[in-house]
Amino acid sequence: MKKTTNELSHIEEPAQKQIVYQTKELNLWYGDTHALKDIHLDIYENEITAIIGPSGCGKSTFIKTLNRMVELVPIVKTSGEILYRGRNIFDKTYPVEELRTKVGMVFQKPNPFPKSIYDNIAYGPRIHGIKDRKILDEIVEKSLRNAAIWDEVKDRLKENAYGLSGGQQQRLCIARALAIEPDVILMDEPTSALDPISTLKVEELVQELKEKFSIIIVTHNMQQAARISDKTAFFLNGEVIEYDQTDKIFSTPKDKRTENYITGRFG
Ligand code: ADP
Ligand code: MG
């Protein structure tokens, strides 16, 4: 019997494992383009969930839907539900600003603000009303330490962030996301603009961060997904073709299309 999308997207897990995000019959259109089709995914706490698939299959759209950033595009329409910690973020009464303080985002190209290293990190906490210099100092240090870049920048906090290398800028952007003490971190191909050594540093960092946060990472680098993630969702043409433990996806995929993709036959 053909399995429904729902069955395919549900993974048996011990009951104590918490679900952070649950999408149900999630659909999204850009005008006439149906970019997400009936997405059912359970995303678990303190795990790294990788989203893989060929260019244009809806990976970025999916993660930008999780913090409702995608709605900044005026032609976007959505249907279905996204439960974040049990509450539907599409509800009219849902406080979107609060959601965005719980869900940090890191983009493909490092995008530091044209400000000092210190002010990049202090920016979010200041917006949230923290003015005490001592508290800000602590947040800046803690965030930079957690993003594994403190030792490289501690003597140049007043310098402009643009003076950092690309890899350092990306870890700075991760530190900036951490400074608001998020619950979830969304990452959209965070290493695709980085050299191999910086990529490795960011991968190590992401693995450390899952102790404290839940991480959803888009990558078109399958080795990266295999190396660092706990679960992997394979997207194709706006659909989730297969979602499972990462080792299963890469060793014994159930769907031929997943197998073709991970063995490099297309994409
Ligand atoms: P991926 O990140 O997997 O490469 P995207 O989520 O960026 O894919 O895109 C999915 C589909 O949605 C593509 O067909 C793309 O052309 C379309 N799309 C993405 N962003 C927009 C937009 N702002 N306006 C219209 N169509 C878009
Ligand atoms: Mg993308």
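Please read these numbers as outputs of a predicted model, since none were measured by experiment. Heavy atoms only: backbone and side chains are in, while hydrogens, waters and symmetry mates are out. Atoms within each ligand, like the ligands themselves, are counted from 1 in listed order.
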Q.
Would Arg87 and Tyr21 count as a cation-pi pair here, with the cationic atom under 6.0 angstrom from the ring centre and within 45° of the axis?
A.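 No, Arg87 does not sit over the ring of Tyr21.
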Q. Is it the case that Gln108 and Asp188 place a side-chain donor and acceptor less than 3.5 Å from each other?
A. no
Q | Ser60 and ligand 1 - part of the residue with a heavy-atom distance under 4.0 Å | A |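 For Ser60, the contact with ligand 1 is made by both the backbone and the side chain.
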Q) Below 3.5 angstrom, do we get any N/O pair linking Cys57 and ligand 1? A)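 Yes; the residue has a nitrogen or oxygen that sits under 3.5 Å from a nitrogen or oxygen of the ligand.
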Q.
Any nitrogen or oxygen of Thr33 lying under 3.5 Å from a nitrogen or oxygen in ligand 1? Just yes or no.
A. no
(Q) Testing Arg85, Gln18, Lys210 one by one against Glu45 for a side-chain hydrogen bond (donor to acceptor under 3.5 Å, both in side chains), which residue passes? (A)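 Between Glu45 and the candidates, side-chain hydrogen bond (donor to acceptor under 3.5 Å, both in side chains) is satisfied uniquely by Arg85.
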[atom] [closest protein heavy-atom partner, distance rounded to 0.1 Å]:
| atom | answer |
| --- | --- |
| atom 8 (O) of ligand 1 | Gly58 N, 3.2 Å |
| atom 10 (C) of ligand 1 | Gly56 O, 3.4 Å |
| atom 24 (N) of ligand 1 | Tyr30 CD2, 3.6 Å |

Q: Taking the six-membered ring for Trp and the single ring otherwise, decide whether the centroids of Phe113 and Tyr123 are under 6.0 Å apart.
A: yes
**Q.** Lys154 NZ: over 12 foreign heavy atoms closer than 6.0 Å
**A.**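 Yes.
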(Q) Tell me whether the count of non-hydrogen atoms from other residues, nucleotides or ligands lying under 6.0 Å of NZ in Lys77 goes above 12. (A)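 No, the 6.0 Å shell around NZ holds no more than 12 heavy atoms from other groups.
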Q | Glu71 with Lys64: basic N within carboxylate O range, under 4.0 Å | A | no
Q | Protein non-hydrogen atom below 4.0 angstrom of atom 18 (N) of ligand 1 present | A | yes
(Q) Checking contacts now, so for atom 15 (C) of ligand 1, which I'm interested in, is there any protein heavy atom under 4.0 Å? (A)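 For atom 15 (C) of ligand 1 the answer is no, since every protein heavy atom stays at 4.0 Å or beyond.
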Q: Compute the minimum heavy-atom distance from Gly53 to ligand 1 and say whether it is under 4.0 Å.
A: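 No heavy atom of Gly53 comes that close to ligand 1.
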Q: Answer yes or no for Ser55: is there an N/O/S atom below the 2.8 Å cut-off from the Mg ion (ligand 2)?
A: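 It does not: Ser55 brings no N, O or S atom closer than 2.8 Å to the Mg ion (ligand 2).
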Q) Can you list the ligand 1 atoms lying under 4.0 Å from a non-hydrogen atom of Ala35? A)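 Contacts of ligand 1 toward Ala35, numbered from 1: 12 (O).
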Q | Thr61: numbered ligand 1 atoms lying under 4.0 Å from its heavy atoms | A | 5 (P), 6 (O), 9 (O), 10 (C)
Q. Is there a donor-acceptor pair closer than 3.5 Å between any side-chain N or O of Thr246 and the backbone N or O of Ser229?
A.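 Between the backbone of Ser229 and the side chain of Thr246 there is a qualifying donor-acceptor contact (under 3.5 Å).
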